There are 2 protein chains.
Amino acid sequence: MVLGPVTEPEADAGLEPADGARLSAMPSLAKSLHGELLARLRDYIVEGNLAVGARVPERMLCERFGISRTPLREALKVLASEGLIELLPNRGARVRQLGAEELVDLFDVMGGLEALAGRLACEKITPAAYDEIERLHHEMYGCYMRRDLHGYFACNQAIHDRIVQAADNEPLRASYANFAGRLRRVRYSANLDENRDRWGEAMREHEEILDALRRRAGNELSDILFGHLRNKRRAAAGRETTCPPDAGVAS
Amino acid sequence: MVLGPVTEPEADAGLEPADGARLSAMPSLAKSLHGELLARLRDYIVEGNLAVGARVPERMLCERFGISRTPLREALKVLASEGLIELLPNRGARVRQLGAEELVDLFDVMGGLEALAGRLACEKITPAAYDEIERLHHEMYGCYMRRDLHGYFACNQAIHDRIVQAADNEPLRASYANFAGRLRRVRYSANLDENRDRWGEAMREHEEILDALRRRAGNELSDILFGHLRNKRRAAAGRETTCPPDAGVAS
DNA sequence: GAGCAGAAAATTGCATTCATTTTTTGAGAG
DNA sequence: CTCTCAAAAAATGAATGCAATTTTCTGCTC
């Protein structure tokens with residue numbers, strides 16, 4: 001049984017990485033209706049189709065996805081446990097408001113997870129995987145020189161993803177994806193175009209990242225990655241807004 | 001903080017935090033039936049009342065908890081998303097088997113989270129909270145000298161908990177509790193009594209931990225904590241067993 | 001006795017129904 | 001006109017019902 005088509009125009013941000021890996025990891029969710037619905041509902045919310053703080057209308061979502069309330073409610077409980085929505089007793093689900101302080105906390109956790117990924121990657125990465133990251137790094141540098149923001153973002157994301165992959169730790173990968181998903185809801189327009197300093201700084205940090213990874217210096221890479229995320233957070237601070245469907249996440 | 005009465009003097013490497021905070025953090029789950037059931041069911045499984053790999057019998061659990069299948073199934077979905085059980089399409093839920101490699105991965109994630117907690121604690125800890133940790137450290141040292149394994153574990157756990165608390169980061173706390181819960185299912189008999197070397201080593205590592213925390217040396221503390229967990233993992237390696245349906249696991 | 005086809009029983013996934021709570025509506029008082 | 005309070009409407013939380021799949025049991029063949 002296939003879910004009904006979503007009738008809404010549904011502006012696609014285009015830059016976000018299609019998170020299909022989430023399913024492949026959990027055999028539980030691979031092809032069940034529940035898994036499918038969960039992914040679709042998560043995307044629906046992450047993409048900002050529901051106003052933050054607004055009630056999540058079960059009835060409407062039911063007819064939108066062409067299912068009854070039972071599986072929908074199951075999915076809502078899971079999304080609540082992921083921190084995406086909030087379940088108020090007898091008052092339904094609400095899209096969780098990300099306060100500034102929680103945003104900061106989430107950035108720190110992402111930093112911690114990246115730091116861990118870097119540490120583990122230094123232990124486990126294969127030469128081939130390292131070469132690929134090096135290649136991406138140079139490609140990213142090319143984008144930087146060319147002021148190709150879009151390409152830069154794509155490479156940047158690919159590099160961080162590869163590091164997490166290289167860590168070869170499934171629970172870490174899942175947790176990372178979870179937190180990345182939560183942050184994806186937020187559009188902090190760290191527009192590097194208007195923030196030349198940060199762009200250059202980020203590029204230099206990436207040089208350090210590559211260098212530490214080349215030397216398999218786990219502790220060092222760990223610190224650099226955490227600091228990298230901290231700086232990214234700082235660059236984004238104060239500019240975060242709720243999610244109009246557009247614009248990618250900058251580094 | 002009052003830990004539940006640990007009925008067994010037995011072998012607990014001591015990384016499990018008492019997880020009572022899980023509910024208080026999520027207003028969603030605070031007092032709803034769903035939240036209550038979720039916690040109860042999680043405990044039920046974590047405590048080993050169900051054989052690993054065995055099918056989770058919905059019907060039996062329904063009458064055991066006095067509810068119908070709907071809320072039970074909602075809880076199962078959530079537990080599946082937490083990684084505690086596995087949902088096979090049309091074949092029900094099974095208690096997830098923790099393979100040796102996943103156990104290792106979970107230890108590493110715990111190490112990464114503790115490393116992050118240490119880093120953040122160095123930035124945010126209050127003098128009072130530090131003093132309390134120092135007090136616990138000395139108390140733990142006393143236990144060590146006295147060969148009071150039970151007291152040692154309690155202090156050890158309290159210290160790690162305080163560090164996470166001091167990090168003052170709710171998403172981190174929740175994630176930490178989640179992973180700790182998953183590991184709690186496993187009884188790795190890192191019996192320090194028969195492993196004097198490891199005990200002394202662990203005690204020395206704790207000296208370093210306290211020292212780095214005193215100096216608010218985040219990067220350093222981060223490395224030490226990760227290494228600490230690595231060594232704990234090493235000490236436990238090969239001795240882990242699955243949890244027989246009995247014997248409350250030391251909290 | 002081992003192996004296998006087929007039916008009965010149990011189990012799962014989802015829809016529907018029901019009781020309770022919340023929210024909205026509307027009439028009347030001030 | 002605004003506020004209050006009661007009743008209607010809607011939404012939530014959980015139980016039950018039903019079709020589809022899986023598992024178990026039975027009886028037959030070899």
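Because the structure is a prediction, the values reported are computed rather than measured. Naming convention: chains lettered A, B, ... in sequence-line order (proteins, then strands); numbering from 1 in each chain.
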Check the orientation of His160(A) and His228(A). Use parallel for under 30°, tilted for 30 to 60°, and perpendicular for over 60°.
parallel
Contact check, residues 66-73 of chain B vs DNA chain C, heavy-atom distance under 4.0 Å, returns Arg69(B), Arg73(B)
CE-CG distance between Met110(A) and Leu225(A), expressed to the nearest 0.5 angstrom
11.0 Å
Below 4.0 angstrom, N of the basic side chain to O of the carboxylate: do Glu58(B) and Arg69(B) qualify?
yes
Thinking salt bridges, do Glu47(B) and Arg185(B) make one under a 4.0 Å N-O criterion?
no
What integer distance in Å separates Arg91(B):CZ from dT12(C):P?
12 Å
Enumerate the residues from residues 54-63 of chain A whose closest heavy atom to DNA chain D is under 4.0 Å, giving them by residue number; use none for an empty result.
Arg55(A), Val56(A), Glu58(A)
Starting from P on dA10(C), measure out to CG on Asn90(B) and report it in whole angstrom.
19 Å
Report the C-alpha distance between Asn156(B) and Lys232(B) in whole Å, list the side-chain angles of each, state the deciding distance to 0.1 Å, and finish with yes or no for side chain to side chain contact (heavy atoms under 4.5 Å, CB included).
CA-CA 12 Å; Asn156(B) 177 46; Lys232(B) 185 179 286 185; 3.9 Å; yes
Atom CG of Leu38(A) and atom P of dG13(C) are separated, to the nearest Å, by 14 Å
Heavy-atom side-chain proximity of Phe226(B) to Asn231(B) below 4.5 angstrom
no
Tell me whether Asp108(B) is salt-bridged to Arg233(B), with the criterion being a basic N under 4.0 Å from an acidic carboxylate O.
yes
5' to 3' on DNA chain D, which nucleotides open and close the contacts with chain A (atom under 4.0 Å from a heavy atom)?
dA11(D) to dG13(D)
Flag the pair Glu74(A) and Lys77(A) as a salt bridge only when some basic side-chain nitrogen lies within less than 4.0 angstrom of an acidic carboxylate oxygen.
no
Measure the CD-CG distance between Glu101(B) and Asp168(A) for me, rounded to the nearest 0.5 Å.
10.0 Å
Do Glu82(A) and Arg182(A) meet the salt-bridge criterion of a basic N to acidic O distance under 4.0 Å?
no
